[in-house]
Every structure is written in structure tokens, then in C-alpha cells.
Amino acid sequence: MTKDFLCLSDWSLEDLEKIIALGKELKAKQKEGTPHKLLEGQTLGMLFEKSSTRTRVSFEVGMFQLGGHALFLASGNTQMGRGEPIKDTARVMARYCDGIMIRTYSQQAVEEFAENCFVPVINGLTDMYHPCQVMADLMTVSEHKENYKELKYCWIGDGNNMANSWINAAAIFGFELRVATPKGYEAHPDVIARAEKAGAKLIFTNDPKEAAAGSDVLNTDVWASMGQEAEQAEREKTFVGFQINNELVKLADPECVVMHCLPAHRDEEISDEVIEGPHSIIFDEAENRLHVQKAIMATLMAR
Ligand code: CP
Ligand code: NVA
């Protein structure tokens, strides 16, 4: 087990399953009002270079429920935003905080931060990965479906940070993952190559219908991620046909579930009626960010 949570591939199946199980245990405790102050007196520093609703709120509330405290830092208001080197920021924050959650652009920056930080570092999203989200997603599927490791999953849309993390998860958890992206918007080639080498059951296509056919879990995300706003109009044209709507859902298994990490652009990558429809587990998915991240923090930070 590494000291950090930067990328799912740094972790074993056994350890990730333990985190999901702990997430469920902490969720039950929180629902019944049983105290679970596993991080009493500890502080999580949260450094954001990009916007957030779910990540910020779930980590902050999660630390409070674990008996600790979370500190929100928007990088623009820190010296890092004025050019203080990452390695200096990391070394200083480690001396005040018991753990750090960071959301930024480059995965290398998070890795550099972690290398220079002697307390655990958690990746709260980079351009490359969103590992906490995929942990929440898997926990959610496992609550709605038996044998969540044996289901057919599909990814429809952009080959972005979420798609990369799903490909990592497919390699670790062993499920089949169909990935439908437009040409030129594939997931990162290094991520695909590593997963294929590890024996992942991956199927790539440019046809969303092919990916959705018979799938148990349908998943998508925005067509233009944070930092790609200037490409929005061009992407809207390229991604036509990649919307998860009732027509696509009808091709999937009749008992399928639909996921989206949120925020969603309704009627763009996913139709409003699917978000609100009977197959959607999207708001359970959002809730589970809280529970699974509490398990991640407890696993990394508990003394
Ligand atoms: N899904 C997710 O990470 O949401 P936020 O950008 O609101 O944190
Ligand atoms: N792919 C999206 C996920 C947001 C939670 C982004 O990076 O903006």
C-alpha cells in the first residue's frame, strides 16, 4: 500500500475492496448516528486549482464526521498561485496538516507534490485521473447490483480523466469495459497500454450503440472538461450521437444502471429524462463520494 491515493493503479484489488467495504460500514454508521471519529484532531488541507462542488463539500463534511477538520485553499489565494514551487508548498503544508487533498491540472504536479510531502496526498482530480470518483462509482454499483465485478460496463463520450480511471479500474477489478469515443477523443494511450498489458477486458469502438448493447452499467461525463471550455462548441459538433438517452438505454440490459459523475450538461451528453429516470443511480453516486472518501482518508491517515 502506498502512502498516497493518486491513481487507482497504485493500489491492489484487495486494498481497494477493503476501502469500499469500509465506505459501506462508515455510511451505515453515519445513517444510524453512531460516532466514527477515526481522525479525531486531524486536519486535511484541500488545495484547489479548479472549481468543485462535490469534492470540496464531501471531503470537508467527511473530515468533520471523522472528528477532524478540513481547510479549503483556492490556489489563486495561496503563494503557489504566485509561483511558489510545488515542492516548497508541499513541504510546508505537510508540517501543518495530517493529509492533503489536491485538485489540479497535471498529474505530474500531484506526483511532485506527493514526493515532497511526508503526509498522505489524495488526488481530487487531475486532467489525467479522478480516482476518488471511480471508487464512489464502484461502491454505488455494488450497492445496486450483485457481482459488480462481473458486470458489463460501458463508457460513452470523451476519453477524459474519468475514462482513464475507469480503464484503470477495469484492469484491477476484472470487469468488461466497452469504451465508445469519437475518433481523436480516445482515452490516454499509456493508460490503455498499461491496462491491456495487465489483461484488462477492454473493447474500443466509435459506435455508442455497440458499446451500450447488453451493458449493465452505462456511464458518461461532460464533453468538455474543466480547462477545455474553449473547445466546447467544436466538441458539441463532434460528439453528436454520443448522448445517453432513452434510445441508447433501451439497447442496454433491461435492469441497467446509468451513472454520471456530475456536474452534467443536461440534454448534451445525457438527456434530462435519463438523469431523472428509473435507471439513474446518479445521486446515490454523488452521495457515495462522502462515504468512500471517508474510507480513503481513514485508510491513509488513521494513526
Ligand atoms: N464529480 C465531481 O468531482 O464534482 P465536483 O467537480 O463538483 O467536485
Ligand atoms: N471530466 C470532468 C469531471 C468533473 C468532475 C472534468 O475534468 O471537468
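Indexing begins at 1, ligand by ligand and atom by atom, following the structure's order. Values reported hereafter were calculated over all heavy atoms of this structure, with side chains retained and with hydrogens, waters and symmetry mates removed.
Among the candidates E269, E285, R266, the single residue satisfying the side-chain hydrogen bond (donor to acceptor under 3.5 Å, both in side chains) test with H260 is E269. Exactly one residue among K31, R54, K294 makes a salt bridge (charged side-chain N to carboxylate O under 4.0 Å, His left out) with E287. That residue is K31.
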Report task. Begin from the C-alpha positions of N160 and Q228 and carry the test side-chain hydrogen bond (donor to acceptor under 3.5 Å, both in side chains) through to its verdict. Result -> CA-CA 11 Å; N160 62 10; Q228 298 173 332; over 6 Å; no
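Inclusion of R103 in the set of residues having an N or O under 3.5 Å from an N or O of ligand 2 is not warranted. Residue C261 places at least one N or O, backbone or side chain, under 3.5 Å from an N or O of ligand 1. Remark: ligand 2 and K50 share no N or O pair separated by less than 3.5 Å (distance only, no angle test). Considering backbone and side-chain N/O of S225, one or more are found under 3.5 Å from N/O of ligand 2. Residue R56 has no nitrogen or oxygen atom sitting less than 3.5 Å from a nitrogen or oxygen atom of ligand 1, judged on distance alone.
Cluster partners of W223 are I156, Y185, L218, F239, F242, I244, L248, V249, L251, V258, L262, I270, V274, I275, I282, F283, counting Ile, Leu, Val, Met, Phe, Trp and Tyr whose side-chain heavy atoms approach within less than 4.5 Å, directly or via other members.
Taking a cut-off of under 4.0 Å to the non-hydrogen atoms of L125, the atoms of ligand 2 that pass are 3 (C), 4 (C), 5 (C), 7 (O). Those atoms of ligand 1 that come under 4.0 Å of a heavy atom in T53, given as number and element, are 5 (P), 7 (O), 8 (O). Heavy-atom proximity to L262, at under 4.0 Å, picks out these atoms of ligand 2: 5 (C).
Nearest protein heavy-atom contact of atom 6 (O) of ligand 1 is R103 NH1, 2.8 Å. From the protein, the heavy atom lying nearest to atom 4 (O) of ligand 1 is R54 NE, 2.8 Å. Closest to atom 2 (C) of ligand 1 among all protein heavy atoms lies R289 NH1, 3.2 Å. Protein heavy atom in closest approach to atom 7 (O) of ligand 2: N161 ND2, 2.8 Å. In terms of protein heavy-atom proximity, atom 3 (C) of ligand 2 is closest to D221 OD2, 3.5 Å. Remark: minimum distance from atom 8 (O) of ligand 2 to any protein heavy atom is reached at M226 N, 2.8 Å.
Judged by the shortest distance from any of its heavy atoms, L262 lies inside the 4.0 Å radius around the atoms of ligand 1.
If you look at K50 next to ligand 1, there are no close heavy atoms at all, none under 4.0 Å.
With respect to K149 and E17, a salt bridge is recorded, a charged nitrogen being found less than 4.0 Å from a carboxylate O.
Note on I296 and V134: same hydrophobic cluster, where clusters join Ile, Leu, Val, Met, Phe, Trp and Tyr whose side-chain heavy atoms are under 4.5 Å apart, directly or indirectly.
For the residue pair P35 and K29, the shortest heavy atom distance occurs at O-CD, 4.5 Å. Contact detail for L8 and F5: the closest heavy-atom pair is CD2-CZ, 3.8 Å.
Counting only N and O atoms by type, the side chains of R235 and Q232 include no donor and acceptor under 3.5 Å apart.
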Identify all side-chain donor-acceptor contacts of residues 208-216 below 3.5 Å with residues at least two apart in sequence or on another chain.
from : atom 1 : to   : atom 2 : distance (Å)
E210 : OE1    : T205 : OG1    : 3.0
S215 : OG     : R178 : NH1    : 3.1
S215 : OG     : A211 : O      : 2.8
D216 : OD2    : K152 : N      : 2.7

